[in-house]
**Q** 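Pasting a structure here, questions to come.
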Amino acid sequence: TTARHPRWAFAFKFPPRKEITRVDRIISSVGRTGVVTPVALMRPVEIGGVTVSRATLHNREEVARKDIRAGDRVRVQRAGDVIPQVVERVAEPGRQRAEPFSLPENCPSCGTPLIERGPFSVCPNSFECPAQLVARLSHLGSRNALDIEGLGDETARLMVEKGLVQHLPDLFDLEAEQLLELDGFAEKSANGLVQAIHKASHATLDRFLFGLGVPEVGATVARDLARHFGSLAALRAADETQLTAVDGVGPRMSEQIVAFFREPRNVEILDRLLKGRIELLETEPGRSSAELSGLKFVLTGGLEKLTRGQAKDLLESLGAKVTGSVSVKTDYVVAGNDPGSKYTRAQELGVQILDEVGFLDLLASHGAELP
C-alpha cells in the first residue's frame with residue numbers, strides 16, 4: 001500500500017459515458033506550481049448527471065496532438081467518472097476552423113517569461129505571481145499543512161486582489177483591521193482568522209514543508225524528510241546524494257528539492273518567513289519506535305483526548321502506518337466512540353482492537369508526547 005493507493009486490489013470500471021459539445025474558447029490557467037495549463041471552455045453538456053462546461057487540455061503537446069481549437073465540436077467524457085476530459089475532435093467537413101491554439105510566451109497572471117519543462121510551460125515566478133500566490137496561500141492553510149481555519153480559496157483570492165498579501169510572509173503580518181476591507185468579513189471573523197494565523201505560525205517541520213509546496217513533496221515525503229533531517233537548516237543544506245538516502249526520495253525528486261531551496265527568490269521568501277513569523281517545532285532525527293515501526297493501524301470512531309489528525313501524526317512519528325481500511329495485514333484497530341463497519345471487520349478477521357485508554361497507554365509506552 002502506498003500513501004494513497006492499495007496495491008493489493010483492483011477494480012473493474014464501466015466504460016465512461018461520452019457526449020458531444022462545442023469548445024467556445026481556450027484559456028491559459030496558472031496553477032499553484034506555476035504550470036500554465038490550456039483549459040477548454042465548452043457549451044454546458046450533461047454527462048452522467050453532472051453538467052460539464054470546462055476541461056483541462058493538459059499541456060501544449062496534448063493540444064497539438066488532439067488538434068483542439070476554439071469552435072471545434074469535441075467528444076467529452078468524465079475520466080474515472082470524475083474528471084472532465086476532451087477525448088477527441090469531431091470532424092465537421094467543410095467547416096472553417098479557427099487558428100491553432102498556442103500558449104502565451106509570458107505568464108498571463110504576472111507577465112514573467114515562461115520556461116519549458118518537458119511538455120509543460122511554467123512560470124518561474126513562484127511566490128510573486130498573483131495566480132500562484134492565491135493557490136499557495138490556500139494550500140498553506142489546508143488541513144495537511146498549517147491548518148488555518150478560515151483561509152480558503154476565496155479568502156486567499158481577496159487578500160491578493162486587495163493587495164493585503166503581496167508575498168507569502170505578508171500573511172503573518174496581517175491585522176484584523178485590514179481584513180475588514182474584505183467582502184464577508186466582520187470584526188468577529190477578522191479576529192478569528194488573525195488568531196488562526198498566529199496559532200499556525202508555530203508549526204511542525206513536516207507541515208511547513210508540505211505547506212510551502214516544494215515540488216514533488218507531498219504530505220508523506222514531507223514527514224519522511226522532517227524525520228530524517230530533523231531541522232529545516234539541515235534539509236536546506238542537503239545535496240542530492242543526502243536526499244536520495246531518504247526512503248521514497250529518488251533522483252528526480254531530490255533534484256527538484258535542491259533546486260527549490262537554492263532558487264534565490266525562494267531563499268529570500270524562506271528567510272523572511274523564519275525571521276519572526278514562523279517558529280518551527282523541530283523533529284528529532286530518526287525518531288521511531290522499533291516495536292511500532294512498519295505496523296499498520298486503522299482508526300475508527302471518535303476519540304475524546306485526541307483528534308483523528310493528532311492520533312495519525314503521533315503514530316506516524318513513531319514509525320507506524322495509518323491506513324483507511326481493515327485487512328488481514330492490519331496490526332491494530334483503534335476504536336473510539338461509535339465505531340463503524342471497520343470495527344466489525346476487525347472482529348471478523350481477528351485483528352487486535354484497542355479502546356482509547358489502551359491506545360494512549362501504547363503511545364505513552366513508546367515515548368509519544370501526548371497533548
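Reckoned from all heavy atoms, side chains included, excluding hydrogens, waters and symmetry mates. Everything numeric here is computed off the predicted structure, so don't read it as measured data.
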**Q** Out of Arg227, Arg207, Arg308, Arg143, which one pairs with Asp313 under the salt bridge (Lys or Arg N to Asp or Glu O under 4.0 Å) rule?
**A** Arg207
**Q** Verify the neighbour count for atom CZ of Arg25: are there more than 12 heavy atoms of other residues, nucleotides or ligands below 6.0 Å?
**A** no
**Q** Applying side chain to side chain contact (heavy atoms under 4.5 Å, CB included) to Leu314 and Leu318, what does each step give before you reach the verdict?
**A** CA-CA 7 Å; Leu314 285 169; Leu318 296 173; 5.8 Å; no
**Q** What is the distance from atom CG of Leu174 to atom CG of Leu179, rounded to the nearest 0.5 Å?
**A** 5.5 Å
**Q** Just wondering, do Arg136 and Ser126 contact through their side chains at under 4.5 Å, heavy atoms?
**A** yes
**Q** Run the side-chain hydrogen bond (donor to acceptor under 3.5 Å, both in side chains) test against Arg89 and tell me which residues pass, sequence neighbours left out.
**A** none
**Q** Who are the salt bridge (Lys or Arg N to Asp or Glu O under 4.0 Å) partners of Arg54, not counting sequence neighbours?
**A** none
**Q** Calculate, to the nearest 0.5 Å, the distance between atoms CG and CZ belonging to Asn144 and Arg223 respectively.
**A** 8.5 Å
**Q** Got a sec: does the CD of Glu348 have more than 12 other heavy atoms crowding it under 6.0 Å?
**A** yes
**Q** Look at atom CZ of Arg97 and say whether more than 12 heavy atoms of other residues, nucleotides or ligands are closer to it than 6.0 Å.
**A** yes
**Q** Decide if atom NE2 of His198 counts as having more than 12 heavy atoms of other residues, nucleotides or ligands within a radius under 6.0 Å.
**A** no
**Q** Can you tell me if Arg78 uses its side chain to pair, donor with acceptor, with the backbone of Ile47 under 3.5 Å?
**A** yes
**Q** What's the spacing between Phe229 CZ and Leu205 CG if we round to 0.5 Å?
**A** 10.5 Å
**Q** Distance from Ser201 atom OG to Arg277 atom CZ, nearest 0.5 Å?
**A** 11.5 Å
**Q** Do Leu232 and Phe261 come within less than 4.5 Å of each other through their side chains, counting heavy atoms only?
**A** yes
**Q** Stepwise, does the side chain to side chain contact (heavy atoms under 4.5 Å, CB included) test hold for Lys321 with Leu295?
**A** CA-CA 6 Å; Lys321 295 182 179 180; Leu295 295 185; over 6 Å; no
**Q** Do His139 and Phe210 have ring centres separated by under 6.0 Å?
**A** yes
**Q** Considering only heavy atoms from C-beta outward, does the side chain of Arg272 approach that of Leu168 to under 4.5 Å?
**A** no
**Q** Side chains of Met42 and Val76, heavy atoms from C-beta outward: is any pair under 4.5 Å?
**A** yes
**Q** Could you state the interatomic distance from NE2 (His228) to CG (Asp247), rounded to the nearest 0.5 Å?
**A** 10.5 Å
**Q** Just wondering, do Thr155 and Leu193 contact through their side chains at under 4.5 Å, heavy atoms?
**A** yes
**Q** A side-chain contact here means heavy atoms from C-beta on lying under 4.5 Å apart; do Glu304 and Asn337 qualify?
**A** yes
**Q** Is the closest basic N to carboxylate O distance between Glu61 and Arg65 below 4.0 Å?
**A** no
**Q** With a 4.5 Å heavy-atom cut-off, do Phe359 and Leu306 have their side chains touching?
**A** yes
**Q** Between atom CG of Leu243 and atom CD of Glu255, what is the distance when rounded to the nearest 0.5 Å?
**A** 11.5 Å
**Q** If you count heavy atoms of other groups shown closer than 6.0 angstrom to CG of Asp338, is the number above 12?
**A** no
**Q** Side chains of Gln256 and Val217: does their closest heavy-atom pair fall under 4.5 Å?
**A** no
**Q** Determine yes or no for a side-chain-to-main-chain donor-acceptor pair under 3.5 angstrom, with Thr21 supplying the side chain and Arg43 the backbone.
**A** yes
**Q** Quick check against the 3.5 Å criterion: does Glu62 have a side-chain atom that pairs as donor or acceptor with the backbone of Asn59?
**A** no
**Q** Taking the six-membered ring for Trp, are Phe14 and Phe12 ring centroids under 6.0 Å apart?
**A** no
